Every structure is written in C-alpha cells, then in structure tokens.
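This is a predicted model, so every value here is computed, not measured. Values below: all heavy atoms of this structure, side chains included; hydrogens, waters and symmetry mates excluded. In the text below, chain A, chain B and the rest are named by the order of the sequence lines, each starting its count at 1.
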Amino acid sequence: MLFEVTSERLDPERLVNHVRKDESGAVILFFGDVRNNSEGRRVLYLEYDAYPQMAEKVMRQLAEEVMARWPLTDVAIQHRTGRLEIGDTSLLVAVSSPHRKEAFESCHHLVDRFKEVVPIWKKEVWEGGEVWIEGEPVEHS
Amino acid sequence: MLFEVTSERLDPERLVNHVRKDESGAVILFFGDVRNNSEGRRVLYLEYDAYPQMAEKVMRQLAEEVMARWPLTDVAIQHRTGRLEIGDTSLLVAVSSPHRKEAFESCHHLVDRFKEVVPIWKKEVWEGGEVWIEGEPVEHS
Amino acid sequence: MKATVRLFARLSELAGSREIELELGEGLSAGEAYRLLCTRYPDMAAYAGTVMYAVNAEYVLPEYPLRDGDELALIPPVSGGAHAV
Amino acid sequence: MKATVRLFARLSELAGSREIELELGEGLSAGEAYRLLCTRYPDMAAYAGTVMYAVNAEYVLPEYPLRDGDELALIPPVSGGAHAV
C-alpha cells in the first residue's frame, strides 16, 4: 500500500508498479484530471489545499475498508497539492486484484469515498473570480 | 481513438496521453496482466495469437458502441501478441470522460465485450502441458 | 473460384498452417467451406458448434456465400485479454 | 491548557493564518473551541452546520474534550480529487 499527498507531479508508473503482483490479473488506474470548465465557467487553474498527515491516514483507512470488502492484491493513492493547470492530474488511485470485476468496483468505490472524507480542498480560479469548493458538486451527466 | 495489436511491449503512457483532453476530468486505464496461476495450475507463460486486421476493426466497433452509449471524450485499446511472461500486460484499455461514473462503467463494459468478440486467443503453458483457451473461463472470486 | 482461409490458435495447429488456398464451387457458403476443411483435417470437426466465421475481417453467418478472392477466417471461441480475469 | 488549531482552505483565509495557538479552559470541547474562534472571526460562523472536527489527525465528534497539546483541525466540507468529476 502507498498513500501520498505531494506538491510534485504525480507518478502513475510508480503506482502501477507498486500495486502489481504476480497473482494480480487486473490493474485499474484512475486519473482525476483538471478540466477546463465547471458549471459553465471557464476554469483557468485550480489550487489544492490539504491536511497531509490526516489525508494520508484517512486514505489508508479507506484502502483497508475496500481490501476487507473485495479480494484485492493491493491499493495505492496519490493526491497533488498547490496550483494545478488544465490537464494536470490531481488524484491517482491504483487497485490490483486477481479478477477485473473486483478491481473496477473497488476502484470506483474508493474514488467516491475519497471525495467524501479525505481532508483536501480545491479552489477554482476563473476569469474575474475564485471560490473554494466545499463538498462535491452534484454530477450532471 | 487508437486501436492496436502489436508484438511490442504495450505503452500505457501513450494511451493515456492519447485519450486525455482538456474537457476530460476522469481517465481510467485498465491493465490485463498475466497471472501466475489459472484454475490451480502454475502458469509458466502465455502465448497470444491474433487476427490483427480484424481485431483492430472489432475494437473500433466496440469503441463506437460505448461512445454512443456513454458521454466519453475518447477511447484507446492495445493488445499484445506472442509470448508473454508473468506480470506482462496483454491488454490496455483507456477511457476518458468529463465525469468519473461514465468512465468506470464504460471501461468495464469495454473490457467485458473485448473478451467476447475480439479475435485474439491465448495459450496457457504450464509445467508438462499447454492448452489453447477457448472462450472466457467462468470467474471464481 | 478461389478463397483464402485463415486459421488461428488450435485450428492452425490442426492444419499445420495459418493460411490455406481453397478451390471452391461458385456460391459455396462459409459454413460449407469449413465442412470441406473438416474432411481434410477431421479434428477440426470438434469446432462445429463453436466456430465463428469472418469474411474480409467482418463477422458473417455460416450461410454467407463466398466470392472469388474472399478471405475467410475461421474464428474459434476467443480468449483475448488477460489470464482468466 | 493550550491547543493548536489548524485551518485550511477558506477557513485559513478568514483567519489570515493556517495555525493558531489557543489558550483554553480545561476540558473544552472541539465544538466549543470552534465557537470561540467564531467570536474572533465572525465569518467562520457560516460553517456552523458543516464544519467537521479532527483531533490529532482523527475525525472526532464536536463534544470531544480537548487535552493540553492537542492539535485540533477544523475541516470544511472536503473537495479533493478532480474537478467536478
């Protein structure tokens, strides 16, 4: 397991190599990337704040939660802080398991839970304004 | 979109960069890796055969199928042929979309469909025997 | 008329070849071409219930009538992707 | 007794600081410490219904009694991960 909050560019290859084991047939890697728009606003960049010590602790608790529920081989999570530009990756979640179904379900669940409880916050900056986002916005699909 | 059957090592970074767009907030990358066991047998290596021209065509059809059903930004698929060792990646599927839910669902669906219709076959080689796998084995989880 | 038959995986091992040129009667179907091959390679008959057909890289029904120069592929049940995942 | 209060995101902007040393009466709860801060920074009161509390990096209830040297964090609704995904 690997849990990191860092101001550096995230490292997908390192996460995948970390979770990959000889008995894992499936690895899922989720990238949360900075989009160029939010509720109709053209976003210029994002700024992430975090409580790193606690965030890493909560990430570990979430990982233990999913490893108890699904037969996984490993989990790794990285989140970036500071200023992020459009297309940058803010969140990486990697999950490995013998079979693909568990990998998909548990990775999706991990990302959902991450956004509910890990103490990290983003500020959206657009032309002429900025706002700290508080709570996850409702999805419009 | 990008669809490839190749005897070279697969390139996850290239696939992710290919599907990532300014309006995509989520990228999912699925790795199908060679496991060290199958139904209790200790696998030494796998050998993949393919009908490459047709496989790439069917991959494109599957991608168009999911892009019609989910609001995605892009899809890319790579499959490797020839001899693969334990831990090697045989299949990569990358999907990008504005929101994560669609990315998870469509990527899972793509991998399921891939294994049903794309003309690619694997031979398992273990100590003292080998067999061409025909059809996807039932999942024991 | 002539058709090229492409064989993969176990079927190519049974034929000892990945590609066979077949001289066929006009309008012979994909399924009939397969049964013709089974007379040469009897072990192929085991695939009667599971083999799929593709002509020029598109799946077709067994009834599909072949034309001169067609590429017929015999597709045993597929198993791409990773290992039992 | 003394506690360190850590502030993040909008709360740290409202306080103009990310960390505040508070002199507190013995046994004051996490929620009471927050209300004390609201008297100094009235705009923080807007978070009364949504703020969460952590002591020494673990979520706790508002009633949690602080001890000397505790690190109390005021956690506004979180929004990590990507942008509206």
Side-chain angles (χ1 to χ4, degrees), chain A residues 5 30-41 43 45-59 61 77 79-81 84 86-93 110-124 130-141, chain D residues 2-22 29-31 33-34 37-38 41-62 64 66-67 69-85:
Chain A
V5 174
F30 171 84
F31 297 72
D33 287 355
V34 178
R35 283 201 291 144
N36 62 0
N37 69 87
S38 170
E39 293 164 31
R41 290 192 293 258
V43 173
Y45 65 90
L46 298 184
E47 188 96 36
Y48 281 92
D49 192 9
Y51 182 6
Q53 302 89 325
M54 181 173 170
E56 291 176 7
K57 215 163 168 175
V58 175
M59 281 150 67
Q61 287 163 356
I77 309 176
H79 199 292
R80 190 167 166 193
T81 55
L84 273 77
I86 308 302
D88 281 349
T89 298
S90 58
L91 172 63
L92 283 179
V93 177
L110 256 182
V111 178
D112 286 350
R113 291 284 290 144
F114 188 101
K115 287 154 177 277
E116 290 168 4
V117 295
V118 178
I120 298 181
W121 301 268
K122 67 168 163 266
K123 185 202 264 183
E124 280 180 24
E130 57 174 52
V131 66
W132 281 103
I133 305 298
E134 295 176 338
E136 192 182 3
V138 177
E139 276 201 23
H140 306 283
S141 56
Chain D
K2 271 191 177 144
T4 306
V5 184
R6 296 191 61 169
L7 300 167
F8 304 94
R10 176 114 179 89
L11 289 177
S12 72
E13 290 181 351
L14 290 176
S17 171
R18 297 179 65 77
E19 209 168 302
I20 292 172
E21 295 294 322
L22 270 192
S29 72
Y34 160 68
L37 275 180
C38 289
Y41 310 104
D43 286 345
M44 282 195 190
Y47 288 84
T50 56
V51 71
M52 306 262 279
Y53 304 92
V55 171
N56 304 327
E58 291 276 2
Y59 281 112
V60 298
L61 293 174
Y64 186 92
L66 297 173
R67 277 166 229 201
D70 273 350
E71 178 176 283
L72 168 67
L74 299 183
I75 312 278
V78 303
S79 55
H83 191 43
V85 301

**Message:** Checking D:Glu71 now: which residues fulfil salt bridge (Lys or Arg N to Asp or Glu O under 4.0 Å) with it, not counting sequence neighbours?
**Reply:** D:Arg6

**Message:** Run the salt bridge (Lys or Arg N to Asp or Glu O under 4.0 Å) test against D:Arg18 and tell me which residues pass, sequence neighbours left out.
**Reply:** A:Asp49

**Prompt:** Given side chains that start at C-beta, do those of A:Trp121 and D:Pro76 come closer than 4.5 Å, heavy atoms only?
**Reply:** yes

**Residue, of A:Val131, A:Val58, A:Val117, that accumulates the most heavy atom pairs under 4.5 Å with chain D** = A:Val117

**Asked** If you tally heavy-atom pairs under 4.5 Å against chain D, which of A:Gln53, A:Glu47, A:Arg80 wins?
**Response** A:Gln53

**Prompt:** What part of A:Ala55 lies closer than 4.5 angstrom to a heavy atom of chain D: side chain, backbone, both or neither?
**Reply:** neither

**Asked** At what distance, to the nearest 0.5 angstrom, does OG of D:Ser79 lie from NZ of A:Lys115?
**Response** 9.0 Å

**Prompt:** Mind checking which of residues 52-61 of chain D sit less than 4.5 Å from chain A, heavy atom to heavy atom?
**Reply:** D:Ala54, D:Asn56, D:Ala57, D:Glu58, D:Tyr59

**Item:** Exercise: identify the closest heavy-atom pair between A:Lys122 and D:Gly80
**Value:** NZ-O, 4.0 Å

Identify all side-chain donor-acceptor contacts of residues 9-17 of chain D below 3.5 Å with residues at least two apart in sequence or on another chain.
residue	atom	partner	partner atom	Å
D:Ser12	OG	D:Ala9	O	2.8
D:Glu13	OE1	A:Trp132	NE1	3.3
D:Glu13	OE2	A:Lys123	NZ	2.9
D:Glu13	OE2	A:Trp132	NE1	2.9
D:Ser17	OG	D:Glu19	N	3.2
D:Ser17	OG	D:Glu19	O	2.9

